[in-house]
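Chain naming here is simple, since letters A, B, ... match the order of the sequence lines and numbering starts at 1 in each. Predicted model, so just to flag it, every value in this text is computed and none were measured.
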Amino acid sequence: MTMSTAAAPARPRRAMDSLTQRYLVLVGLIVIASVGFGIANENFYSLANIGILLRSIAVLFLVSMGMTFIMLTGGIDLSVGSNVAFAGGVGVIALTATDSAALGFVAAILAGMAIGAINGVFIGRLRLSAFMVTLATFALARGLALVIYDADSINVSNAAFLWLGGQSWGSLPVVIPFVALVFVALSVLLYRAPFGRDVYAAGSNFNTAFVLGRMPQRTLVWVYVLSGALAGLSAIITVGRVSSGQPWTGLYLEFDAITAVILGGTSLFGGRGRLLGTILGVLLYGIIINGLVLTGTNPYLQSLIKGLILLGVVLLDTLVQRRKAQ
Amino acid sequence: MPDLSRVMRERNIIFVTLALCLVFYLISPRFLSLDNMSAISRQIVPIGLIALGQFFVVVSGNIDLSMGMGSVLFAIVLGVFFGLTGGVALGIVAVIVCSLALGFFNGVLVAKLGLPAFIVTLSMLFSAQGLSGLIIPRGQQIFLMGDFFRFIGAETFLGLYWSFLFLLALFALAWVVYNHTSWGAAVIAVGNSEENARLAGVNVDRVKIGVFMVSGLCSGFAGIMLSSRMGFVQPGLDGNGLLLDGIAAIIIGGTLILGGRGTIGGAFWGLLFIGIINNALNLLNVEDVWHQVFKGAVILAALGANWLLWQSRQVEAH
């Protein structure tokens, strides 16, 4: 990993050190949060409960990894939550129409990639601002999901389709090793493949990357398609978890993903950050959110807390960076 | 020839809007009835206020995602003060103070700390949503009754709703401010290039804080108008729909989303366009589930058109 990070352009050694420091802080916070919730709730440490926790944030892991790629290029994707609902809808419809789980999987992932491609073309090729374009697809994909489902949920009983999201080996949900697998694959893509260097290059300096012939426009299209594909996978897991497809699933998921990625040390301005940080960010954020749910916190208080966490992290980052710059 | 292209741009959206009216009239003659027209004029008031505030923010090169949920929060603030005092004066003062404070807070974080506007206002969106549900528990409502709400929500003058006249007056004021004051010029300058604006002696930070205070105040007004029209407030109001409609209106109106360009007239026609679409979807009995699809598609199409404009701007610059 050291070798590949050295090969990534425009990443000074110092930045890597500060990222490592951050990961240590995150690990510390995760331990503290687990101990805290463990004291508050004696079931917290049971194996089953850890499985439940990890399963409930599996989707957040996937979506956040896609968001990491996007934010490394300096973009943002506000449409992933809606996309999860839309892709799930397409997958469930394909499944019920053909009764083939494989076709359902493919349909869901292709649907997610389609929304991603719209984002990618508007943002990468037309160079429109990411939050505007993805705000439009945020509405579009949710609307399409509502149309597909006719604003109602559809039950799914196909065992093969539900396997990924619903099955457990003992107290280990199948989805956990799957997420780990995706993490390894994406790490290889980001750190070992030319595409990963293009991602860092596009986010560090778009114009320089362009002049160097790295075709950042194309890179941008592909990161959004990748995020869409991960949204499609998330859709399959979501459907599997609850044995039904629901039009309002994934509401504000993008917000959780953005917060977790920023928490994991990925810069809002692109070019700096790593997947490991995102994993730690999702873990910490997931433990907090899950703790709030388990303790029965008022949902509106939860959204206030989420808003303040995001603002707090961004503020803290900026202030720390300012102090370093001085 | 910036003036010519400006007129052309507005003419396009005027043409499209009028053509749309004709189409809807042919489908359903009721569309152009006086009743329906005045219904549209009342429906677009909160969207128009959001669009107006967002216009200045976008021209300055930023975005305010907190406007929709902000107006829900301010509607609830008004409702709570109404419930406590039975009057509206104190509530309106509170809304104005709170909305200016929210805008100031957004503006300071964006201008002084250099944080991206969409992150700051996204977190404010959630905070506002959370706060509104904490002030009034879930599932509860506060009913707003009295002369003031009837006046704002239902009284007319020469056949036009007072709320619509208020909106028109604000648009006129905004037109004067945008086109004929140094502040308006400063907003455009900041949107075009912060660096150049700074070199030209513009206090960039102050302009940014200013545009966010304007958008904050506009969402406060939108909250007042929304609650008066509905006659009640509750935390479940669709703030995000309001936000999307407002943004759609100004993009359709030819406001350059990269900042530095746009016209108040264009924004107004964009608003009429959105109002007409919303109304027609209801009038033609289009199922609710399709509404969001239309919104998203319309914004995407407008973004594409916006891109074409941007291309022509590149050509002009050469």
Side-chain angles (χ1 to χ4, degrees), chain A residues 74 76 78-79 82 118-119 121-123 125-152 247 252 254-255 258-259 262 268-269 298-315 317-319 321-322, chain B residues 58 61 63 65-66 69 105 109 112-138 235 240-241 243-245 247-248 251 257-259 287-304 306-308 310-311:
Chain A
I76 198 88
L78 299 176
S79 71
S82 305
I118 296 178
N119 289 336
V121 168
F122 272 81
I123 295 163
R125 295 286 169 176
L126 309 191
R127 303 292 297 133
L128 292 167
S129 52
F131 57 83
M132 276 290 187
V133 174
T134 56
L135 195 64
T137 44
F138 160 86
L140 182 71
R142 179 69 64 193
L144 287 172
L146 287 167
V147 168
I148 290 171
Y149 284 113
D150 204 12
D152 205 357
Y252 301 133
E254 56 281 339
F255 182 83
I258 292 167
T259 309
I262 294 175
L268 268 170
F269 303 97
N298 177 335
Y300 283 100
L301 184 58
Q302 287 180 32
S303 71
L304 178 63
I305 291 173
K306 285 179 178 183
L308 294 181
I309 289 178
L310 175 61
L311 193 65
V313 175
V314 174
L315 258 179
D317 275 359
T318 313
L319 293 178
Q321 265 163 25
R322 286 207 151 187
Chain B
V58 170
I63 184 101
L65 298 176
S66 67
M69 281 301 173
F105 189 62
L109 291 180
K112 296 288 182 194
L113 292 178
L115 299 178
F118 69 87
I119 283 290
V120 170
T121 55
L122 192 64
S123 71
M124 284 303 141
L125 183 163
F126 270 80
S127 308
Q129 187 188 27
L131 273 179
S132 53
L134 290 176
I135 296 175
I136 303 182
R138 195 178 205 177
N240 284 336
L243 172 78
L244 279 171
D245 278 349
I247 290 178
I251 299 176
I257 53 171
L258 303 163
E287 278 182 81
D288 273 358
V289 293
W290 280 100
H291 288 203
Q292 278 222 331
V293 179
F294 271 100
K295 299 268 171 64
V298 163
I299 299 180
L300 268 185
L303 281 172
N306 215 293
W307 176 72
L308 290 173
W310 184 67
Q311 294 294 92

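- For A:L315 against B:L115, the heavy-atom pair with the smallest separation is CD2-CD1, 4.3 Å.
- When A:V147, A:V133, A:I262, A:L310 are compared by the number of non-hydrogen pairs under 4.5 Å with chain B, A:V147 comes out ahead.
- Using a 4.5 Å cut-off between heavy atoms, A:L268 contacts chain B through its side chain alone, with no backbone atom that close.
- With chain B as partner, the option from A:F131, A:F269, A:Y149, A:F255 having the largest number of non-hydrogen pairs under 4.5 angstrom is A:F255.
- Sequence neighbours left out, not one pair with a member in residues 126-136 of chain B passes side-chain hydrogen bond (donor to acceptor under 3.5 Å, both in side chains).
- For residues 133-142 of chain A, the set of pairs meeting the side-chain hydrogen bond (donor to acceptor under 3.5 Å, both in side chains) definition, not counting sequence neighbours, comprises A:N119-A:T137.
- Counting heavy-atom pairs under 4.5 Å between each of B:A248, B:S123, B:G296 and chain A puts B:S123 at the top.
- With a 4.5 Å cut-off on non-hydrogen atoms, B:L244 touches chain A through its side chain but not through its backbone.
- Heavy atoms closer than 4.5 Å to chain B are found in the side chain of A:I76, but not in its backbone.
- Between B:P235 and B:G133 the shortest heavy-atom distance is CB-CA, 3.7 Å.
- If you measure heavy-atom distances from A:T318 to chain B, the contacts under 4.5 Å come from the side chain alone.
- Judged by distance alone, with hydrogens and angles left aside, the side-chain atoms of A:D150 form no donor-acceptor pair with the main-chain N or O of A:D152 at under 3.5 Å.
- When heavy atoms are compared at a cutoff of 4.5 Å, A:I258 approaches chain B solely by way of its side chain, counted from C-beta outward.
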